[in-house]
Amino acid sequence: MSRVDFYHLQKQTLEEVLPKLLEKAVTLHKNILIKVGNEERVEFLNAHLWTFDDTSFLPHGSKKDGFATQQPIWLTSGDDNPNNAELLFLVDGALMSSDELKKFERVFNIFDGNNQTSLEQARKFWKDLKAASLDIFYWKQDENGKWTQAA
């Protein structure tokens with residue numbers, strides 16, 4: 001059974017949060033798939049992950065880079081999983097069916113709580129996953145930006 005964690009962005013942007021979460025995730029030594037809402041954002045995030053911090057390195061790629069099977073982190077807007085990822089990040093409104101999510105050990109759904117459309121989509125997704133009996137958890141940032149699990 002997959003675990004799905006909802007990360008409610010309120011104090012920081014996806015561009016600030018995603019690299020930090022990925023740095024933690026790579027310590028698990030599992031391949032990661034990042035499903036992005038559209039191809040333009042795939043390439044924006046792909047470039048951002050190379051430049052977000054001069055002292056950090058997150059090995060990753062996208063269709064533009066090739067060598068998918070050799071990439072520990074793969075960015076896509078499609079439903080492909082060419083690096084056989086066990087961890088899935090859904091960003092920019094990207095979704096998958098509950099059946100597809102069950103193929104991953106853990107899913108991170110990161111949504112913008114300051115955008116009404118994104119917030120409504122996340123609420124609907126939560127209800128759908130709850131109905132599918134997946135283990136789901138909700139995380140929000142406290143006043144210092146630290147993630148805390150909420151009930």
Side-chain angles (χ1 to χ4, degrees), residues 1-28 30-52 56 58-141 145 147 149-150:
M1 169 129 359
S2 296
R3 172 188 168 126
V4 182
D5 292 280
F6 281 70
Y7 285 83
H8 187 162
L9 298 178
Q10 291 178 294
K11 304 202 181 293
Q12 294 178 302
T13 65
L14 175 66
E15 291 79 7
E16 294 168 308
V17 169
L18 183 61
K20 293 175 188 173
L21 291 174
L22 288 171
E23 284 177 328
K24 288 183 181 181
V26 297
T27 65
L28 300 173
K30 296 179 185 277
N31 283 350
I32 300 166
L33 180 68
I34 304 172
K35 184 173 180 184
V36 185
N38 62 61
E39 196 60 33
E40 181 178 298
R41 284 287 289 169
V42 166
E43 292 313 320
F44 173 82
L45 290 172
N46 190 17
H48 176 68
L49 292 176
W50 287 121
T51 61
F52 78 94
S56 184
L58 288 169
H60 67 280
S62 69
K63 181 171 48 176
K64 179 180 170 187
D65 302 310
F67 305 101
T69 59
Q70 299 171 24
Q71 301 289 356
I73 302 172
W74 185 254
L75 292 94
T76 184
S77 62
D79 292 329
D80 55 329
N81 184 6
N83 67 340
N84 294 311
E86 295 112 327
L87 306 177
L88 171 66
F89 282 74
L90 297 172
V91 302
D92 285 346
L95 296 173
M96 279 190 175
S97 71
S98 58
D99 287 339
E100 288 296 311
L101 294 181
K102 291 176 183 176
K103 296 177 182 176
F104 296 91
E105 289 178 22
R106 189 162 176 196
V107 177
F108 303 79
N109 182 54
I110 306 170
F111 65 97
D112 183 354
N114 298 308
N115 176 301
Q116 190 60 35
T117 302
S118 179
L119 193 57
E120 289 171 11
Q121 180 183 3
R123 286 180 178 146
K124 181 183 181 320
F125 194 39
W126 175 281
K127 289 177 186 175
D128 293 346
L129 298 182
K130 191 87 165 161
S133 300
L134 274 83
D135 289 333
I136 50 178
F137 301 88
Y138 172 75
W139 299 85
K140 64 179 182 175
Q141 290 177 298
W147 291 104
Q149 189 174 349

> Is there side-chain contact between Leu9 and Asn114, with heavy atoms separated by less than 4.5 Å?
no
> For the residue pair Tyr138 and Trp126, does the interplanar ring angle fall in the parallel (under 30°), tilted (30 to 60°) or perpendicular (over 60°) class?
perpendicular
> Applying salt bridge (charged side-chain N to carboxylate O under 4.0 Å, His left out), name anything that partners Asp80, two or more places apart in sequence or on another chain.
none
> CE/Met96 to CG/Leu101 distance, rounded to the nearest 0.5 angstrom?
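Rounded to the nearest 0.5 Å, the CE-CG separation comes to 7.0 Å.
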> So among Gln121, Glu100, Lys35, which one has a side chain to side chain contact (heavy atoms under 4.5 Å, CB included) with Leu95?
Gln121
> So, using salt bridge (charged side-chain N to carboxylate O under 4.0 Å, His left out) as the criterion, who are the partners of Lys124 when residues are at least two apart?
Asp128
> For residues Val107 and Leu134, determine if any side-chain heavy atom of one lies less than 4.5 Å from a side-chain heavy atom of the other.
no
> Can a donor-acceptor pair be found between the side chains of Glu120 and Thr117 at a distance below 3.5 Å?
no
> Show your reasoning for whether side chain to side chain contact (heavy atoms under 4.5 Å, CB included) applies to Leu22 and Ile34.
CA-CA 10 Å; Leu22 288 171; Ile34 304 172; 3.7 Å; yes
> Check Pro82 against Thr69 and note the closest heavy-atom contact, atom names and distance.
O-CG2, 3.5 Å
> Between the side chains of Trp74 and Asn31, does any donor sit under 3.5 Å from an acceptor?
no
> Can you find a pair of side-chain heavy atoms, one from Asp5 and one from Gln149, that are under 4.5 Å apart?
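No, side chains not in contact.
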> Could you tell me whether a side-chain N or O of Ser118 sits under 3.5 Å from a main-chain N or O of Asp112, the two making a donor and an acceptor?
yes
> Given side chain to side chain contact (heavy atoms under 4.5 Å, CB included), test Phe52 with Leu18 step by step and report yes or no.
CA-CA 10 Å; Phe52 78 94; Leu18 183 61; over 6 Å; no
> Where the side chain of Asn83 meets the backbone of Ile32, is there a donor-acceptor pair that is under 3.5 Å apart?
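Side chain of Asn83 to backbone of Ile32, a donor-acceptor pair under 3.5 Å: yes, one is there.
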> Assess whether side chain to side chain contact (heavy atoms under 4.5 Å, CB included) is satisfied between Lys63 and Thr76, documenting all intermediate values.
CA-CA 7 Å; Lys63 181 171 48 176; Thr76 184; over 6 Å; no
> Is atom CD of Glu40 surrounded by more than 12 heavy atoms (other residues, nucleotides or ligands) closer than 6.0 Å?
no
> Quick one: does Phe6's side chain get under 4.5 Å of Leu129's, heavy atoms only?
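Yes, close enough: below the 4.5 Å cut-off.
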> Tell me whether the rings of Phe89 and Phe108 are parallel (<30°), tilted (30 to 60°) or perpendicular (>60°).
parallel
> Is any side-chain heavy atom of Asn109 closer than 4.5 Å to one of Phe125?
yes
> With distance as the sole test, does His48 use its side chain to make a donor-acceptor pair with the main-chain N or O of Glu15 at under 3.5 Å?
yes
> May I ask you to decide if Asn46's main-chain N or O and Ser62's side chain share a donor-acceptor pair within less than 3.5 Å?
no
